[in-house]
Every structure is written in C-alpha cells, then in structure tokens.
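Notes follow the structure.
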Amino acid sequence: AIIQERRGRAAEDPDDHAAWSRLASAAQVLNQPAALREAYENMLRIQPEDGMTQAKLGELYDTLSEFKLAETTYQRALDLLEGPPELLATVRDKMELAGARYLFIDGQRDESEQRFKAISERKPDDFIAHFYLALLYAGAARNEEAVEEYQQVLRIVPNHGPAHLSLAILYEQLRREEDALTEYRAALSRPLPGGLDEVARERFNALSRRLNGFSYSINYQSGYDSNFNLSRDDAVGEFRSSIGGSVTYRRKLHRRPIYLGIGMNGSYQTYHRGQFDVMSLGVSPFVSTYWLGLDYSLSYSRSESEALLSETKLNVTDAVSGSVSGTFTMPRMLRWLADGQKDSGLWDLSVSASRMESQTSPIFDADNYTVGGTVNQALGTGWRWTLGYNYSINENLMDAGNDFAYTSHSVSVQLIRFLRPGWSANGSYSTSYLKYSNPDSVTLFTRRRENFTQNLSLGMNYFLSPQLRLFSTLAYR
C-alpha cells in the first residue's frame with residue numbers, strides 16, 4: 001500500500017525529485033526492485049548529474065542481471081563522482097565485474113575469462129570473479145582449474161551452497177567420489193536456490209548407492225507387432241506384454257578407482273495371440289575401473305530362459321564382455337541443429353563373446369562374437385545425437401546347425417530432443433546386413449541367404465519423477 005501511495009504522489013508531479021526519492025526509500029526497505037528502478041530512473045531524469053544515484057542504479061541493474069546497463073551506468077557515475085577515492089575504486093571494481101559478467105552471458109568466453117582473471121589477481125577475495133572463472137573452466141572441461149576456483153570461492157564464502165554443489169559434481173567427474181560426498185553433504189546443509197536442494201539430494205543418494213549400495217529398477221511394457229512372423233505374403237499380428245526388473249549391488253574400494261558389483265535381472269514376456277510365454281533370469285558379476293582418463297569394465301553373465309506354460313527350458317547363455325569409454329571434444333555436428341561451437345561427447349568401444357546352448361535342440365547351439373562402438377554428443381540446443389556400429393560373427397557348434405551361422409553388420413543413428421521439463425522426444429534409424437555363412441542345406445542356393453533390414457522409430461518420454469518414466473514408441477520395420 002505504501003508503494004502505491006508514494007507512486008501516486010510522484011505521478012501527481014512527475015518532476016518532483018523528492019517524491020521519487022521517497023518512493024525509492026520505501027521500495028528499498030520493502031525489497032521492491034521494479035518500484036526502486038522506476039524511482040531511480042525518474043530521479044536521474046530530473047537530476048542526471050547525480051553521481052550517487054547513478055551508482056545506486058548501476059547496483060540495481062547488477063542485481064537484476066542487466067549487466068550491460070549496469071556497466072554503462074557505473075561509467076556515468078565515475079564520470080560524475082569526485083570522491084572519495086575509496087568510493088571511486090569501489091564503483092570502478094563493480095563496473096569491471098559487470099562488464100565481465102556481460103561478456104560471459106553474451107558468449108564471449110575468452111574475453112570474459114581475461115576480465116575475471118584480472119579482477120581476481122587484483123582482488124583475490126572477490127568471490128564472484130572466482131565463481132565465474134570456475135563456471136568458465138568447467139564449461140571448457142578444465143575441471144582441475146574449476147576445482148581450484150570453487151575452492152577459492154569457499155575460502156572466501158564458506159557457506160556458499162551452489163559452490164559446494166558445483167564442486168561436488170566436479171569431484172564426481174574427476175572420480176573423487178569420497179570428496180564429492182563430503183561436498184554434497186555441505187551443500188545440503190546450506191541454502192540452495194531454485195530447487196537445487198533436490199538436485200543435490202538426488203545426486204548424493206545416487207552416488208552413495210554407487211559407492212556402496214543397491215539400485216533397483218522395474219519396468220512394464222506392452223506392444224503390438226503387425227508382422228510378427230516377418231512374412232511378406234501372410235503377416236501375422238501379435239500383441240505382447242512384458243514385465244521385468246533388476247537389482248544391482250556395487251561397491252567401490254576406498255580411495256581407489258576400482259568398483260566391484262553384481263547384478264540380477266529377470267523378465268517375463270507373454271505373447272497373447274500365439275499363447276506362449278518366455279521367462280528369463282540372469283546374473284552378472286562385474287568389475288570396472290578408471291585409468292588415464294578412460295573407463296574400463298569387464299563382466300560375466302549367465303542367463304536362462306524357459307517357457308512356463310509349456311514347462312520347457314529354452315536356452316542357457318554364458319557371456320563375457322568388456323568395454324572402454326571416454327570423452328572427446330570436437331565441433332558440434334549436424335550444424336543445422338547447432339551453432340558450430342566445440343562441445344564434448346562420449347565414445348564407447350565394446351567386445352563380447354557368448355555361448356548359447358539350446359535346451360530344445362543342440363543344432364541351435366552357437367558361439368557369438370561381437371565388436372562395436374558408439375559416439376554421442378550434445379548440440380547445446382536441446383538436441384543430442386548418437387551413432388553406433390556393431391559387427392557380429394555367429395558360429396554354430398554342430399555341423400548340422402551350419403544353416404544358422406552368419407556374419408552381420410549394423411549401423412544406427414538416433415536423435416534426441418529435450419522439450420519442456422520432464423519431456424523428451426527421440427527418433428532413430430537403423431539398418432543391418434546379415435549374410436549366412438553357408439549354403440542352404442536343402443536348396444544349396446546362396447542368393448537368398450542374405451537379409452537386409454531397416455528400422456525406423458519415433459518415441460516420447462515423460463518423467464513423472466526422477467524414479468518413474470513413461471514412454472511410448474512407434475516403429476516400422
């Protein structure tokens with residue numbers, strides 16, 4: 001009410017400097033930045049040579065993140081103020097900081113880094129300069145330098161919650177998980193703006209489970225296949241549903257980048273038109289480590305499948321697999337979706353060997369060897385792309401099963417678009433070429449012993465919560 005009253009009095013005589021000054025006093029006490037801005041701008045309209053008001057308006061623009069206006073207004077204040085020297089130095093420091101922050105949000109990262117460095121060298125206790133340097137270094141994957149800057153922020157402002165949270169995330173990326181847990185705890189014990197407390201809590205809980213704990217998942221899906229038997233002339237539709245779940249225990253050796261774990265999973269699929277089902281159970285111990293900037297993993301898995309309705313065991317599969325993955329930096333691909341800047345991405349190479357033993361007929365027993373890789377990169381505009389390739393060799397263990405030996409190549413590409421919070425859309429295309437290794441034992445022809453398959457799919461995802469995701473997919477094959 002007092003704001004409206006004083007604004008009304010100032011409106012009666014727009015050139016009454018004292019009336020606008022009274023509005024400014026009330027707006028400052030009541031923390032009303034819009035009214036305070038209106039008052040200061042009108043006070044300067046009437047008395048543009050008022051250096052102190054220029055400086056106060058610059059501070060307000062700073063608070064409102066209008067850094068270019070703040071820099072310009074601080075400069076006017078410096079031109080008008082005559083002293084004392086301490087005041088001039090303070091306004092000059094604020095002007096330089098506002099200019100550096102404007103360069104940062106304008107994407108001029110090199111120039112802003114130079115400005116912030118100069119400020120931090122001249123004023124080592126300016127935590128804002130250190131904070132922005134940390135953001136710049138983290139954005140450029142210069143994580144060690146970013147850690148040093150966040151540590152400087154916390155030296156100056158020990159209760160800076162966002163700095164604790166950002167430092168924890170960097171420690172995770174540097175595989176200093178124990179230090180990350182300490183920083184997450186510190187962040188959660190301090191004020192965090194804009195929902196960051198929930199982010200910190202989720203990341204803390206997830207990291208705790210990865211270091212020494214269990215993780216669980218359960219899923220259900222149903223779908224309809226219009227050509228289940230892959231026939232060109234006599235297609236048969238099939239409605240199927242499945243439910244599955246997994247439990248994983250993982251433990252890290254203390255202060256060493258070695259992780260041990262074991263996973264158990266199961267699924268049950270029902271084919272309603274064909275009136276049959278398949279239940280699969282599996283167990284997989286694994287070990288992973290981080291060395292020279294790369295992630296390595298090695299796992300063994302054993303799975304068994306059976307049809308419950310017919311009480312028939314189907315197959316047993318043993319597999320050994322390994323992978324190595326890392327990061328890279330390159331110009332953003334798909335330029336019509338990106339801006340050509342460089343960005344980091346992920347790559348992964350994997351190899352596996354498995355033996356499948358059929359419980360219904362030994363002619364299906366086979367060894368399979370697969371090598372493959374994927375690369376993916378965020379485009380900085382809400383898009384992410386992934387490219388994958390796999391090469392497989394399938395060799396049957398019995399001569400009678402040679403009809404089923406083959407080699408195959410497959411390539412896939414996927415685009416993901418992050419929409420409003422909780423929503424994402426994806427589209428993918430894959431193609432595979434499969435060539436059977438031996439002539440058909442009946443016709444002895446090889447011309448028709450090749451399969452060329454293409455798949456196109458579109459999907460939507462919606463996260464009801466960090467623990468629950470809904471999805472739908474439409475695919476054409």
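Residues take their numbers from the sequence shown, with the count starting at 1. Predicted model, so just to flag it, every value in this text is computed and none were measured. Hydrogens, waters and symmetry mates play no part in the numbers below; they use all other heavy atoms, side chains included.
- Side-chain N/O atoms of Y171 and E183 include no donor and acceptor closer than 3.5 Å.
- Remark: the backbone N or O of A405 is paired with a side-chain donor or acceptor of N396 at under 3.5 angstrom.
- Relative ring orientation between F364 and F404 is described as tilted, the plane-to-plane angle lying within the 30° to 60° band.
- Checked against a 6.0 Å centroid threshold, the rings of Y290 and Y296 do not count as neighbours.
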Legend entry - Intermediate values then yes/no, side chain to side chain contact (heavy atoms under 4.5 Å, CB included), E357 and N315: CA-CA 6 Å; E357 296 180 352; N315 58 64; over 6 Å; no
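- Within the 3.5 Å criterion, the main-chain N or O of R255 finds a donor-acceptor partner in the side chain of E178.
- No donor-acceptor pair under 3.5 Å is formed between the side chain of H130 and the backbone N or O of F116.
- Counting only N and O atoms by type, the side chains of S299 and S321 include a donor and acceptor under 3.5 Å apart.
- Between the side chain of E238 and the main chain of H272, a donor-acceptor pair closer than 3.5 Å is present.
- No donor-acceptor pair under 3.5 Å is formed between the side chain of D106 and the backbone N or O of Y102.
- When atom types are taken as modelled, the side chain of T312 and the backbone of S310 share a donor-acceptor pair closer than 3.5 angstrom.
- Rounding to the nearest 0.5 Å places NZ of K435 at 9.5 Å from NE2 of H409.
- A side-chain donor from one of S297 and S323 sits under 3.5 Å from a side-chain acceptor of the other.
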Inset, instruction - Please step through side chain to side chain contact (heavy atoms under 4.5 Å, CB included) for the pair Y137 and N143, ending with a clear verdict. - result: CA-CA 6 Å; Y137 294 148; N143 291 345; over 6 Å; no
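- When the options H254, R250, R251 are evaluated for a side chain to side chain donor-acceptor pair (under 3.5 Å) with N212, the one that passes is R251.
- Ring geometry for F276 versus F228: interplanar angle of 30 to 60°, hence tilted.
- There is no side-chain donor-acceptor pair under 3.5 Å between Y184 and E202.
- The cationic group of R469 does not satisfy the cation-pi geometry with Y462, failing either the under 6.0 Å distance to the six-membered ring centre or the 45° limit from the ring axis.
- For Y132 and F104, the gap between ring centers is short of 6.0 Å.
- To the nearest 0.5 Å, atoms CG (N390) and OG (S412) are separated by 7.5 Å.
- Between D110 and R115 there is no salt bridge, since none of the side-chain N atoms of the basic residue sits less than 4.0 Å from a carboxylate O of the acidic one.
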Inset, instruction - Applying side chain to side chain contact (heavy atoms under 4.5 Å, CB included), run through S208 and L181 and close with a yes or a no. - result: CA-CA 8 Å; S208 298; L181 282 179; 3.6 Å; yes
Inset, instruction - Give the intermediate values and the outcome of ring-ring contact (aromatic ring centres under 6.0 Å, His included) for residues Y150 and F131. - result: CA-CA 6 Å; Y150 280 127; F131 189 83; 5.7 Å; yes
